[in-house]
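A quick write-up on the structure given underneath.
On a predicted model such as this, the values are computed, not experimentally measured, just so you know.
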Amino acid sequence: ALAVGYRTAGIGVPLAGVAVLALTATVAVRRRRPGIRRRLGYYTPDELLELDTQGLALAVARMLRRDGWRVRLLPAPDRPRLCAQDRGGRRLDVVFRPVAEPLPDEDPPHPHRHGGNAGAPLQLVVHRGTFRARDVRWARRQGNTCLLDGSALRRWGQGTRFGELFSLGL
């Protein structure tokens, strides 16, 4: 293919072909490096398991950014939260559930105000384990709450888009 390009268009075609191959190889090598891969929002299942709650909040923020959301991390020593907004103006509040703790049945929304449209934000509860049936019932009663369990979190970390994890059309 490069030889045919050389004959028809000159030396530029083989040089461009070599440059594209070099660029592709460089990007492939860099994306495999763990630090760069994580900053881009891609995590292995083992990496997700090793994170503490603050690290998990940072990972979820990176994965949301990878999928086109604007994200603010609201740091707290024990309960970090994220506020996100996508390009369409949809808002998302993200809370994290440690393994041995019940869902926040009476947990009030965080005190800061969102800018933009006045619709209620969707709440996402992230948990590395699995949710019980009572947790699922609680989320259904809330009406605006989605649960992201460990298996969905692992799929998301490996590159599945956020909107594909839920049937809500996110």
Could you tell me which non-hydrogen atom of [X] sits nearest to which non-hydrogen atom of [Y], and how far apart they are?
{"X": "A57", "Y": "L82", "value": "O-CD1, 3.7 Å"}
{"X": "F166", "Y": "L147", "value": "CE2-O, 3.6 Å"}
{"X": "W69", "Y": "D86", "value": "CE3-N, 3.3 Å"}
{"X": "T53", "Y": "P80", "value": "CG2-CD, 3.6 Å"}

task: Answer yes or no for R66 and Y42: cation-pi contact, defined as NZ/CZ to six-membered ring centre under 6.0 Å and angle to ring axis within 45°.
output: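 Because its charged atom sits under 6.0 Å from the ring centre and within 45° of the axis, R66 does stack over Y42.
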
message: Once salt bridge (charged side-chain N to carboxylate O under 4.0 Å, His left out) is applied, do any residues pair with R70, and if so which ones, sequence neighbours excluded?
response: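 Salt bridge (charged side-chain N to carboxylate O under 4.0 Å, His left out) list for R70, sorted by chain: empty.
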
- prompt: Can you list the residues that meet the salt bridge (charged side-chain N to carboxylate O under 4.0 Å, His left out) rule with D149, with sequence neighbours excluded?
  reply: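 Counting only residues at least two positions away or on another chain, D149 forms no salt bridge (charged side-chain N to carboxylate O under 4.0 Å, His left out).
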
- prompt: So how far is it from L40 CG to M63 CE, rounded to the nearest 0.5 Å?
  reply: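 Rounded to the nearest 0.5 Å, the CG-CE separation comes to 13.0 Å.
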
query: How many angstroms lie between CH2 in W156 and OG in S151, if you round to the nearest 0.5 Å?
result: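 Those atoms lie 13.5 Å apart.
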
Hydrophobic clusters here meaning ILVMFWY residues chained together by side-chain heavy-atom distances under 4.5 Å, can you tell me if [X] and [Y] are in one?
{"X": "V95", "Y": "V136", "value": "yes"}
{"X": "L148", "Y": "L73", "value": "yes"}
{"X": "L124", "Y": "L165", "value": "yes"}

task: For the pair V94 and R81, evaluate side chain to side chain contact (heavy atoms under 4.5 Å, CB included) and give the outcome as yes or no after the intermediate values.
output: CA-CA 6 Å; V94 185; R81 293 182 96 110; over 6 Å; no

- prompt: Pick one: which of E50, R154, R62 meets side chain to side chain donor-acceptor pair (under 3.5 Å) with Y43?
  reply: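 One option only clears the test, and that one is R62.
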
message: Could you walk me through whether L92 and L64 satisfy the side chain to side chain contact (heavy atoms under 4.5 Å, CB included) test, starting with their C-alpha distance in whole Å, then the side-chain angles of each, then the deciding distance to 0.1 Å, before giving a yes or no?
response: CA-CA 10 Å; L92 181 68; L64 281 167; 4.0 Å; yes

Is there a donor-acceptor contact under 3.5 Å from the side chain of [X] to the main chain of [Y]?
{"X": "R65", "Y": "V71", "result": "yes"}
{"X": "D93", "Y": "Q123", "result": "no"}
{"X": "E47", "Y": "T44", "result": "yes"}
{"X": "D135", "Y": "R132", "result": "yes"}

message: Within the structure provided, determine whether P45 and Q158 are in side-chain contact (heavy-atom separation under 4.5 Å).
response: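 Result yes, sub-4.5 Å side-chain heavy-atom pair found.
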
task: Evaluate the side-chain proximity of W138 to T145: yes if any heavy-atom separation is below 4.5 Å, no if none is.
output: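 Heavy-atom side-chain distance check passes, below 4.5 Å.
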
task: Just do the side chain to side chain contact (heavy atoms under 4.5 Å, CB included) check on L56 and R128 with the steps written out, would you?
output: CA-CA 9 Å; L56 184 59; R128 278 182 267 210; 3.9 Å; yes

